[in-house]
Amino acid sequence: MLNISERRACRALGQHRSTQRKAPRGRDDEENLTADLIELARQYGRYGYRKISALLRDAGWVVNDKRVERIWRQEGLKVPARQPKRGRLWLGDGSCIRLRPERRDHVWAYDFVEERTHDGRKFRTLNVVDEFTHECLAIRVSRKLKSIDVIDVLSDLFVLRGVPEHVRSDNGPEFIAKAVQEWILAVGARTAYIAPGSPWENGYVESFNVRFRDELLNGEIFYSLREAEIIIESWRRHYNAIRPHASLGYRPPAPEVVVPTYAAWPAASPCDRQRLRA
């Protein structure tokens, strides 16, 4: 131990003298924040600390990502590895293969996912995604899905949201069926088929399918098709209204807005008030 004063040692190290005397202590809300963080991590086991941070802020906590990450590592929770960046594919003339979405309802994409109920029987889901907003527009669950089911799902969405400019899909038999092509063109949309064996060209819906399987299908046992329909629809609503999306600044694509009943009525005019007093 060097025989020098505290003042001289702090001056040599560039530290304030109070750092040698003040005992560090955690914040008063650290315990409650840790409890809420662990509960969210348990409930959403496939979320990283950034999505958990967004959920904590939505719940009213004033907290940044660094503090959440510190507690996350302190509690031994797993931090998912970053995904490697991927370059885009370009044609010989310098144009990009991908049709990029520019606004809401510009490009929709849809695809199939296959799963089994507890008795071993297969069922399929038809997933429809708005590429610009990342909102999952519909998930149709059925034992078998054919071209007529594609038309049925899309027709309901067209009535509800209007006709998109482009509808992207792969080259599966349900999607290249002549009836589907003719119907989509008849209502004023355009089909955008990806190249065979190139799922990365349909990256938005493929990314959704990965989240769908990772966060729901891999962790649920469906004892009946009806149970699968209810649970999947509940997850779809959570995905749209609550789940933070990293590509959207950790906000959900379609958050629900609740308007109080009294706020929905127009304010009374001064003449109405006088009439009521009379």
Subject >> Contact check, side chains of E30 and I71, non-hydrogen atoms, under 4.5 Å >> reply: yes

**OP:** Could you tell me whether F208 and H134 have their ring centroids closer than 6.0 angstrom?
**Re:** no

**OP:** May I ask you to test the L126-F112 pair for a side-chain heavy-atom distance under 4.5 Å?
**Re:** yes

Original post:
Going by heavy atoms in the side chains, are H166 and E131 under 4.5 Å from each other?
Top reply: no

Original post:
Can you tell if the side chain of W183 reaches within under 4.5 Å of the side chain of L154, non-hydrogen atoms only?
Top reply: yes

**OP:** Locate the shortest heavy-atom distance separating V163 from G188; write the atom from each residue and the value.
**Re:** CG1-C, 4.2 Å

Original post:
Is any side-chain heavy atom of N32 less than 4.5 Å from a side-chain heavy atom of W61?
Top reply: yes

Original post:
What distance separates H238 NE2 from E233 CD, expressed to the nearest 0.5 Å?
Top reply: 13.5 Å

Original post:
Closest heavy-atom contact between I184 and V187?
Top reply: O-CG2, 3.1 Å

Original post:
Do Y110 and L157 come within less than 4.5 Å of each other through their side chains, counting heavy atoms only?
Top reply: no

**OP:** Please list, chain by chain and in numerical order, all residues satisfying side chain to side chain donor-acceptor pair (under 3.5 Å) with E227, sequence neighbours excluded.
**Re:** none

Subject >> Minimal non-hydrogen separation, I4 against A9, with atom names >> reply: CD1-CB, 3.9 Å

Original post:
More than 12 non-hydrogen atoms from neighbouring residues, nucleotides or ligands closer than 6.0 Å to CZ on R226, yes or no?
Top reply: no

**OP:** First locate atom CZ of R124, then atom CZ of R140, and finally report the distance between them rounded to the nearest 0.5 Å.
**Re:** 13.5 Å

Original post:
Is the closest side-chain heavy-atom distance between E220 and I231 below 4.5 Å?
Top reply: yes

Original post:
Quick one: do L145 and V167 end up in the same hydrophobic cluster if we chain Ile, Leu, Val, Met, Phe, Trp and Tyr together by side-chain heavy atoms under 4.5 Å apart?
Top reply: yes

Original post:
How long is the gap from SG on C136 to CZ on R237, to the nearest 0.5 Å?
Top reply: 12.0 Å

**OP:** Please examine the side chains of V63 and S53, heavy atoms only from C-beta on, and report whether any two atoms are closer than 4.5 Å.
**Re:** no

**OP:** Answer with yes or no after comparing the ring centroid distance for W235 and Y44 against a 6.0 Å cut-off, counting only values under it.
**Re:** no

Original post:
Between CG of L55 and CD1 of I242, what distance do you get to the nearest 0.5 Å?
Top reply: 8.5 Å

Original post:
What about V141 and F212, same hydrophobic cluster or not, with Ile/Leu/Val/Met/Phe/Trp/Tyr joined at side-chain heavy-atom distances under 4.5 Å?
Top reply: yes

Original post:
Atom CD1 of I139 and atom OG1 of T125: how far apart are they, to the nearest 0.5 Å?
Top reply: 6.5 Å

**OP:** State plainly whether one hydrophobic cluster holds both F158 and V128, where clusters connect Ile, Leu, Val, Met, Phe, Trp and Tyr through side-chain heavy atoms under 4.5 angstrom apart.
**Re:** yes

**OP:** Kindly give the heavy-atom pair with the smallest separation between W108 and G162, and that separation in Å.
**Re:** CH2-O, 3.8 Å

Original post:
Do you know which two heavy atoms are closest between E102 and F132, and how far apart they sit?
Top reply: O-CE1, 3.4 Å

Original post:
Can you name the nearest heavy-atom pair linking N240 to P253, along with the distance?
Top reply: O-CD, 3.3 Å

**OP:** Treating Ile, Leu, Val, Met, Phe, Trp and Tyr as nodes and any side-chain heavy-atom pair under 4.5 angstrom as an edge, say whether I232 and V129 lie in one connected cluster.
**Re:** yes

Original post:
Are more than 12 heavy atoms from other residues, nucleotides or ligands located less than 6.0 Å from atom CZ of R7?
Top reply: no

Original post:
Should the heavy atoms of other residues, nucleotides or ligands under 6.0 Å from CZ of R251 be counted, would the total exceed 12?
Top reply: no

Subject >> side chain to side chain contact (heavy atoms under 4.5 Å, CB included) between I52 and L77, worked out >> reply: CA-CA 12 Å; I52 296 297; L77 300 173; over 6 Å; no

Subject >> Identified side chain to side chain donor-acceptor pair (under 3.5 Å) partner of E135 from the options R161, R236, H245 >> reply: R161

**OP:** State plainly whether one hydrophobic cluster holds both V150 and V205, where clusters connect Ile, Leu, Val, Met, Phe, Trp and Tyr through side-chain heavy atoms under 4.5 angstrom apart.
**Re:** no

Original post:
Say you draw a straight line from CG of L217 to CZ of R116; how long is it, rounded to the nearest 0.5 Å?
Top reply: 13.5 Å

Subject >> Steps toward salt bridge (Lys or Arg N to Asp or Glu O under 4.0 Å) verdict (K146, D152) >> reply: CA-CA 10 Å; K146 301 181 180 179; D152 185 43; over 6 Å; no

**OP:** Assess whether side chain to side chain contact (heavy atoms under 4.5 Å, CB included) is satisfied between Y47 and L40, documenting all intermediate values.
**Re:** CA-CA 9 Å; Y47 287 6; L40 288 173; over 6 Å; no

